[in-house]
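Below, chains carry the letters A, B, ... as their sequence lines are ordered, and counting in each starts from 1. Keep in mind that what you see is a predicted model, and the values were worked out from it rather than measured.
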Protein chains: 2
Amino acid sequence: MEISRELVRTGSPKYVALANALAEQIRTTLAIGDPLPTERELQAGFGVSRDTVRRAIARLAAAGLVFNVQGSGTYVADPAQIRKGPRLTGFSQDMAERGLRASSRTLDCRIEPCPADTARALGVAEGSGVLLLRRLRLADQAPMALETARLLPGLFGDGLPDPEGSLDTQLAEHGQRIMRASQTITATNLTATEAHLLDQPVGAAALRVDRVGFTDRGRAIEATETLYRGDRYGYETAVERDPS
Amino acid sequence: MEISRELVRTGSPKYVALANALAEQIRTTLAIGDPLPTERELQAGFGVSRDTVRRAIARLAAAGLVFNVQGSGTYVADPAQIRKGPRLTGFSQDMAERGLRASSRTLDCRIEPCPADTARALGVAEGSGVLLLRRLRLADQAPMALETARLLPGLFGDGLPDPEGSLDTQLAEHGQRIMRASQTITATNLTATEAHLLDQPVGAAALRVDRVGFTDRGRAIEATETLYRGDRYGYETAVERDPS
DNA sequence: TATTGATATTGGTACGGACAAATCATCGAA
DNA sequence: TTCGATGATTTGTCCGTACCAATATCAATA
């Protein structure tokens, strides 16, 4: 493997720059199963410490690009097989990655008393006012999902969000970034109302995703229930074994 | 926070032992939002290097137990809100964690030609012989899921696996451990045959999980399709934002 | 009182070294 | 040829040090 000896750092830490450089070289010059240069070779080649090399490789391993074998080396993983784990995305980005154009039709946008289960998830008192946003989500103009979001009040200053835009983006503009979320995925048959909105036959199978979003401080700020059309949507995820 | 000064190491690395010790003390003596001792305090208290302390804390952070704030400290996260990510488990263990007793009824167990899509997932030639294992999975005696597994031949020496036992356990006994898997989750309506086996009405919504299991070397050895009853099963997962 | 600015504290990055554990290549013996 | 021992190689763990970046604290100032 050819080793470039200069790292481009645009404000990011050195190990991130090194990881990017390695990822690029893996894409361009290495095949699946090929070994990377040894850590000490990389250390010498890039003129960095082994600690930095190991951090960079750990980053690639976490992304599923490579895997380590103690005593042997570090090897390029199969990108077709090792899919990336589920990333936290909004609907728009999710659709974009599937090559679909996302749009939405707002069904409801107002302050309403919080139901019990949502209140528990958000850590607020039952019946206290939360922002309700109900939207029909379209992909390439055709109905894809029915989304009911409840957010803590005051996240958008005093006003309401723009129902047409990406919630995630608007939250970020107000200094609130959802860094992690917990989801429960179930299957359900559509009711008549839901089926009509989604342009599906009554009783059709739908994927129901209940999501609670947290900031990096662990504060729950958003609870969303989404009904995806079973015939159009699949949820991809990667799981790993417990360290044991 | 009280700091114990002795670490119990049962073969595991020091940072793992420290992480366990910290997790225990967090459970017993700290509340949500409380700050951990500073890294330098822990370093002195346990008599280890700061590197070891940081590794231990990184482990806890990855598990969602704590979170870091640069310049401020490390704080205890809310365990009720931050659920653990999905772990790679077999059906038996999955049910056990839900407090249900798993059993199974074998519907089919033989060698058969591999269909095209599975062949691609497993990286073998289409039509080559793979081990087919079809089982009805029961939880507390009631049908829960319909599982169709295809495995590379020869994983169990020359014979077939015991259809009643845990596949995962039997694989491990033959030196094959599935370390990661990629899954696609969809919703579907049950056919008449499937519905009958699962004791559900025809057309009931079911959660379909297509899983491909890989060894730590990235080799695919198992492809499983599982139909879970929509009224009994939910899939829980945690997602995180991309590092960006 | 409110704001600013200096200073200390805390986690984040980076360097260096040493040894352990797993693996691999080699060589010798059976 | 086959098997096993041996030593070299490679990743994993652990230690120590130094400095950077973000945050918190508090005194000085307007």
| Hey, is the side chain of B/Asn68 poking within less than 4.0 Å of OP1 or OP2 on C/dG12, counting only N and O atoms? | yes
| said: Holding to side chain to side chain donor-acceptor pair (under 3.5 Å), I want the full list of residues that pass it with A/Gln43, two or more places apart in sequence or in another chain. | reply: none
| To the nearest angstrom, how far is B/Glu39 atom CD from C/dG12 atom C1'? | 8 Å
| Minimum-distance nucleotide to A/Arg54 side chain [options: D/dC14, C/dT13, D/dG12] | D/dG12
| d(OH, A/Tyr75; P, D/dT9) in whole Å | 15 Å
| task | Would you check if there is a donor-acceptor pair between the side chains of A/Tyr75 and A/Ser72 at a distance under 3.5 Å? | result | yes
| Between D/dC14, C/dA14, D/dA24, which nucleotide gets closest to the side-chain atoms of A/Arg55? | C/dA14
| task | Spell out protein contact along nucleotides 15-21 of chain C as letters: B when the base is contacted, S when just the sugar-phosphate is, - when no protein heavy atom is under 4.0 Å; keep the 5' to 3' order. | result | BS-BB-B
| query | Does the pair B/Glu126/B/Arg120 count as a salt bridge with the N-to-O cut at 4.0 Å? | reply | no
| Trace of the salt bridge (charged side-chain N to carboxylate O under 4.0 Å, His left out) decision for A/Glu225 with A/Arg150 | CA-CA 9 Å; A/Glu225 166 199 325; A/Arg150 289 188 175 83; 5.5 Å; no
| Think B/Tyr15 has a side-chain N or O under 4.0 angstrom from the OP1 or OP2 of D/dC14? | no
| request: Would you kindly give the CG-to-C1' distance between B/Leu18 and D/dC15, to the nearest whole Å? | output: 14 Å
| task | Would you indicate, yes or no, if C/dG11 has its OP1 or OP2 atom less than 4.0 angstrom from a side-chain nitrogen or oxygen of B/Thr74? | result | yes
| said: With nearest nucleotide decided by heavy atoms, which residue, B/Ile57 or A/Val16, maps closer to the 5′ end of DNA chain C? | reply: B/Ile57
| query | For the pair made of CZ in A/Phe67 and P in D/dG12, what is the distance, rounded to whole Å? | reply | 12 Å
| message | Checking B/Thr148 against B/Arg134: is there a side-chain donor and acceptor pair closer than 3.5 Å? | response | yes
| Hey, is B/Glu39 close enough to B/Arg54 for a salt bridge, meaning N to O under 4.0 Å? | yes
